[in-house]
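Single-structure report; data block below.
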Amino acid sequence: MPELPEVEVSRLGISPHLTGQQITQVIVRDRRLRWPVPASLETVAGATIEGVERRAKYLIISTTKGYLIVHLGMSGALRVVPADSLVVKHDHIDLVLGSGLCLRFNDPRRFGCWLYSATHPSADHPLLRELGPEPLTDAFTLDYLFNASRGRQQAIKTFIMDNHVVVGVGNIYANESLFKAGIHPKRAAGKVSKARYQRLVPIIKETLARAIEQGGTTLQDFTQADGQPGYFKQELMVYGRGGKACMQCKSTLKEIRLGQRSTVYCPQCQR
DNA sequence: CAACCGCCCTGGGAGC
DNA sequence: TGCTCCCAGGGCGGTT
């Protein structure tokens, strides 16, 4: 599942192949993604790509004829391959480039999306305009998160996974960050002290930054069949370890459902 | 408005 | 071996 680090790694991987290239053809084989792929997507044929940005887990491909908004969903993958490469199952969209390469989108579960916007979407598109700050920028501070949490009865885990609060903190990183910060995932966000947020904010930043670093491995074999990252798995302290021993205190880790997401924590270390 | 829940979808693993 | 069942998950959209 692409988390924020993998989306960033994708961006770094595809950007050099795309920037400055003309889009000679847009091929849509299946429009049934998260939302139906609009016919306007094809209007970027003939345009030149100016760059690829990331906002939250969205990629924004800027062209001389407008903007493409791409989300990888749960199972989406972007790869740069020769335009005549064999099309395999779930290859839904190609952007064919003047270089003879193409950007190919494969997504088995079709939770991803490809949308078109005539104007730059980050400020005015409904999907992007309400998003919270990027966790790795200076906009995501202790004061910001602490103030945003006041009065909130919601569990802190769902709070930090809320894209209106901060973007890019998926289920894995929420579990891991709360463990490292020693905070119980069900504790009301508004009742967590400022001192504990002071621990949590840098922990979120470090966890995400580290995963991006390790994503560099994925970057190298970017055009290979499946850049499935095993890299962070060995570092996981709680995610996927329900019923096993806490790595800090040997207590049995508990697994619960929170907001329909699997949640694992140590009842001893997290209060 | 805050909080919560259902739903979209397929591959993969478990169980029989 | 092959079938069925269940789970994983981001995030929108609707309901309370």
Side-chain angles (χ1 to χ4, degrees), chain A residues 1-11 29-38 54-60 69-78 88-93 105-115 117 121-122 124-135 145 147-178 185-192 204 207-208 211 225-230 232-233 236 238-243 255-264:
Chain A
M1 69 221 76
E3 298 265 356
L4 184 143
E6 284 162 53
V7 177
E8 179 63 13
V9 166
S10 281
R11 188 186 73 78
R29 299 186 189 82
D30 195 337
R31 293 190 181 272
R32 298 172 302 161
L33 299 184
R34 178 72 166 82
W35 299 282
V37 178
R54 180 186 59 75
R55 176 72 177 102
K57 294 182 189 173
Y58 293 93
L59 290 173
I60 302 166
I69 304 166
V70 177
H71 197 290
L72 302 180
M74 290 295 306
S75 56
L78 289 168
V88 299
K89 197 175 184 182
H90 308 306
D91 279 344
H92 304 312
I93 295 179
F105 177 69
N106 181 285
D107 187 5
R109 294 183 202 179
R110 292 192 273 114
F111 275 23
C113 77
W114 277 67
L115 298 171
S117 176
S122 69
D124 63 5
H125 195 281
L127 288 177
L128 282 78
R129 67 183 175 210
E130 312 284 351
L131 292 173
E134 292 285 332
L145 192 64
N147 290 337
S149 72
R150 293 305 93 179
R152 303 286 290 258
Q153 300 299 309
Q154 189 183 25
I156 185 156
K157 178 165 178 264
T158 43
F159 174 69
I160 60 172
M161 288 178 69
D162 182 345
N163 277 341
H164 301 298
V165 174
V166 57
V167 301
V169 182
N171 195 36
I172 294 175
Y173 295 120
N175 277 300
E176 295 299 310
S177 299
L178 289 172
K186 282 181 81 170
R187 181 166 293 276
K191 293 187 174 169
V192 174
I204 290 173
T207 311
L208 290 170
D226 187 356
Q228 197 68 12
F232 52 69
K233 209 160 184 178
L236 297 180
V238 288
Y239 182 80
R241 298 193 66 249
E255 180 154 11
I256 57 172
R257 305 288 294 180
L258 205 49
Q260 293 166 299
R261 296 291 177 263
S262 160
T263 302
V264 185

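Lettering of chains follows the sequences in order, A, B, ..., and the numbering in each one begins at 1. All values derive from a computational prediction rather than experimental measurement. Hydrogens, waters and symmetry mates are skipped; everything else that's a heavy atom, side chains included, is used.
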I'd like to check the ring pair (Phe, Tyr, Trp, His ring centres under 6.0 Å) partners of F159(A); sequence neighbours left out, ordered by chain and number.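 With neighbours one apart ignored, the set is empty.
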Which residues share a ring pair (Phe, Tyr, Trp, His ring centres under 6.0 Å) with F111(A), sequence neighbours left out: none
I'd like to check the side-chain contact (heavy atoms from CB on, under 4.5 Å) partners of E255(A); sequence neighbours left out, ordered by chain and number. S262(A), V264(A)
Atom pair CG/CD1 of L128(A) and I60(A) - distance to nearest 0.5 Å: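 These two atoms lie 5.5 Å from each other.
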To the nearest 0.5 Å, what is the distance between CD1 (I69(A)) and CH2 (W35(A))?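 Separation between the atoms: 9.5 Å.
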Applying side-chain hydrogen bond (donor to acceptor under 3.5 Å, both in side chains), can you list everything that pairs with [X], at least two apart in sequence or on another chain?
| X | value |
| --- | --- |
| N106(A) | D91(A) |
| R55(A) | E134(A) |
| K57(A) | none |
| D30(A) | R32(A) |

Rounded interatomic separation in angstrom, taking [atom1] from [X] and [atom2] from [N]:
| X | N | atom1 | atom2 | answer |
| --- | --- | --- | --- | --- |
| I160(A) | dG10(C) | CD1 | P | 12 Å |
| H125(A) | dC12(C) | NE2 | P | 11 Å |
| E130(A) | dA2(B) | CD | P | 11 Å |
| H164(A) | dG10(C) | NE2 | P | 15 Å |
| Y173(A) | dG10(C) | OH | P | 11 Å |
| N163(A) | dA2(B) | CG | P | 15 Å |
| N171(A) | dG10(C) | CG | C1' | 10 Å |
| D162(A) | dC12(C) | CG | C1' | 12 Å |

How is L127(A) classified with respect to the nucleic acid when contacts are heavy atoms under 4.0 Å: base, sugar-phosphate, or nothing? sugar-phosphate
Under 4.0 Å between a side-chain N/O of H71(A) and OP1 or OP2 of dG10(C), yes or no? no
Can you give me the bend angle of the helix from dA2(B)-dT16(C) to dC16(B)-dG2(C)? Use the axis through the first five pairs and the one through the last five, nearest 10 degrees.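 About 50°, once rounded to a multiple of 10°.
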Can you build the contact string for nucleotides 3-11 of chain B? Use B for base contact, S for sugar-phosphate-only contact, and - for no protein heavy atom under 4.0 Å. S-BB-BBBS
